[in-house]
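Because the structure is predicted, anything quoted here is derived from the model rather than measured. Nothing fancy with the numbering, it's 1 onward along the sequence.
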Amino acid sequence: MYGIVLSRRDFREADQVISILTAEEGKREYIARGVKKIVSKNTSHLEPATLISFGIAEGKKEWSYLTNVQPVESFFHLRQSLPTLHIIGYSLDALLVMLKEGEHDSDIYQFFISYLRFLDQQSVVNILLLDAFLIKLFSHLGYHPSLDACVVCEKSYKDIGLEFLSASEQKPGFYFAGGGVICVSCKIEKQRIGEIIYPCGIKEINTLRFLLASSWQDIFSFLLAEEEYKLVHKLIYEFMLYHSERKWEDWGNITF
Ligand SMILES: [Zn+2]
């Protein structure tokens with residue numbers, strides 16, 4: 001089997017539990033025997049964010065054991081830069097928390113490999129790549145933000161823009177419970193009955209569309225003013241908090 005190591009943690013005397021995003025079976029946990037002994041030949045291949053091939057031996061109890069671990073891609077370069085390591089660490093954490101055990105999705109596997117390969121080729125990175133990774137990941141997981149029309153009245157994206165320009169100068173919004181963009185009129189109506197709408201301008205909607213649709217290279221080259229970055233980042237962060245049961249550290253405060 002093939003898989004990318006997501007994490008390793010100590011288990012019993014000399015063993016570790018290795019969490020792997022496998023090509024065929026989604027996220028799975030296996031025991032690596034004796035990896036805490038310095039002589040173990042498996043140790044270095046089991047670093048998080050390594051693509052490995054491996055065999056499995058079924059154990060007596062509920063655990064399966066890793067056998068014959070071979071490195072396929074080590075992504076050596078991305079381990080040389082602290083900002084990249086920080087981005088990878090956060091991304092691995094998001095996968096660990098959000099993926100369900102044994103739920104197969106080859107898209108997510110390929111998506112993560114393409115991301116690692118891209119980061120491995122860069123000597124510098126920017127934090128927008130992490131924002132893009134997270135919104136793309138949530139979109140893969142079924143939380144694709146609806147950005148083409150108002151999620152309440154179905155007013156088109158174009159008409160949402162016109163309404164914003166002509167009338168109130170009020171921003172449209174992002175309606176988390178509704179799964180996407182909401183026009184100014186529906187926003188006012190929803191807020192009147194006490195629903196929470198996150199303010200979201202046309203620029204942020206455009207940036208979100210771009211992040212969801214673009215390649216890693218295009219996202220990396222994308223020029224975004226600091227103020228605009230903050231707005232779209234906050235939106236992605238709040239979106240992520242809304243759709244997961246965990247409190248996430250705000251990665252927007254990391255300075256490179
Ligand atoms: Zn509407």
Requested in this report: Look only at the side chain of Glu103 and the backbone of Leu99, and say whether a donor-acceptor pair between them is shorter than 3.5 Å.
Outcome: no

Report task. Could you check if a side-chain atom of Leu224 sits within less than 4.5 angstrom of a side-chain atom of Phe210, using non-hydrogen atoms only? Result -> no

**Report entry** Joint hydrophobic cluster, Val124 plus Leu129, side-chain heavy atoms closer than 4.5 Å
**Finding:** yes

Requested in this report: Hey, can you tell me if Trp251 and His233 have their rings parallel, tilted or perpendicular (30° and 60° cut-offs)?
Outcome: perpendicular

Query raised in the report: Mind checking whether Phe176 and Tyr242 have parallel, tilted or perpendicular rings, split at 30° and 60°?
Result: parallel

Query raised in the report: Quick one: do Asp250 and Lys234 make a salt bridge, cutoff under 4.0 Å?
Result: no

Report task. State whether the side chain of Thr207 and the backbone N or O of Lys203 hold a donor-acceptor pair below 3.5 Å, judged by distance alone. Result -> yes

Query raised in the report: Glu189 pairs by side-chain hydrogen bond (donor to acceptor under 3.5 Å, both in side chains) with which of Gln191, Arg192, Lys187?
Result: Arg192

Query raised in the report: How about Phe239 and Tyr198: do any of their side-chain heavy atoms sit closer than 4.5 Å?
Result: no

Query raised in the report: Nearest heavy-atom pair of Arg246 and Leu241: which atoms, and what distance?
Result: O-CD2, 3.8 Å

Query raised in the report: Can you hop from Val151 to Val184 via hydrophobic side chains spaced under 4.5 Å?
Result: no

Query raised in the report: Are any side-chain N or O atoms of Arg209 and backbone N or O atoms of Leu147, one a donor and one an acceptor, separated by less than 3.5 Å?
Result: yes

Requested in this report: Check for a donor-acceptor pair, side chain of Lys136 on one end and backbone N or O of Leu211 on the other, with a separation under 3.5 Å.
Outcome: yes

Query - Ile202 with Tyr175, same ILVMFWY side-chain cluster at under 4.5 Å - result: no

Query raised in the report: Does a side-chain heavy-atom distance below 4.5 Å link Phe220 with Leu119?
Result: no

Report summary line: Scanning both residues in full, the closest heavy-atom pair of Ser53 with Val72 reads N-CG2, 3.6 Å

Requested in this report: Decide yes or no on side chain to side chain donor-acceptor pair (under 3.5 Å) for Glu163 and Ser185, but give the supporting numbers first.
Outcome: CA-CA 9 Å; Glu163 183 186 40; Ser185 337; 2.3 Å; yes

Query raised in the report: Is there a donor-acceptor pair under 3.5 Å between the side chain of Tyr90 and the backbone N or O of Leu134?
Result: no

Query raised in the report: Taking side chain as C-beta onward, heavy atoms only, is Ile20 less than 4.5 Å from Ile52?
Result: yes

Query - Validation row: Phe75, Arg117 side chains within 4.5 angstrom (heavy atoms) - result: yes

Requested in this report: Taking the side chain as every heavy atom from C-beta outward, state whether Leu92 and Ser7 have any pair of such atoms under 4.5 Å apart.
Outcome: no

Report task. I would like to know whether Tyr30 and Phe54 meet ring pair (Phe, Tyr, Trp, His ring centres under 6.0 Å); could you show each step before the answer? Result -> CA-CA 11 Å; Tyr30 304 100; Phe54 59 97; 5.5 Å; yes

Query raised in the report: Can you tell me if CG on Leu223 sees more than 12 non-hydrogen neighbours from other groups inside 6.0 Å?
Result: no

Query raised in the report: Counting only N and O atoms by type, is there a donor-acceptor contact under 3.5 Å from the side chain of Tyr237 to the main-chain atoms of Trp248?
Result: yes

Query raised in the report: Take atom CG in Leu96; do more than 12 heavy atoms of anything else shown fall under 6.0 Å from it?
Result: yes

Query raised in the report: Ignoring hydrogens and geometry, is there a side-chain-to-backbone donor-acceptor pair from Asp15 to Gly34 under 3.5 Å?
Result: yes

Query raised in the report: Looking just at side-chain N and O atoms, do Ser221 and Gln217 make a donor-acceptor pair shorter than 3.5 Å?
Result: yes

Report task. For Glu204 and Leu235, indicate whether the former's side chain and the latter's backbone hold a donor-acceptor pair under 3.5 Å. Result -> no

Query raised in the report: Are Leu85 and Phe76 joined in one hydrophobic group, where the rule is that I, L, V, M, F, W and Y side chains link up if heavy atoms are under 4.5 Å apart?
Result: no

Report task. Find out whether Gln16 and Leu46 are in side-chain contact, i.e. whether some heavy atom of one side chain is under 4.5 Å from a heavy atom of the other. Result -> no

Report task. Mark yes or no for whether Glu29, through its side chain, and Val17, through its backbone, hold a donor-acceptor pair below 3.5 Å. Result -> no

Query raised in the report: Is the shortest side-chain N to carboxylate O distance from Arg79 to Glu47 below 4.0 Å?
Result: no

**Report entry** Backbone of Gly26 reached by a side-chain donor or acceptor of Asp105 within 3.5 Å
**Finding:** no

Query raised in the report: Does NE2 in His243 sit with more than 12 non-hydrogen atoms of other residues, nucleotides or ligands closer than 6.0 Å?
Result: yes

Report task. Report yes if some heavy atom in the side chain of Glu25 is under 4.5 Å from a heavy atom in the side chain of Ile56; otherwise report no. Result -> no

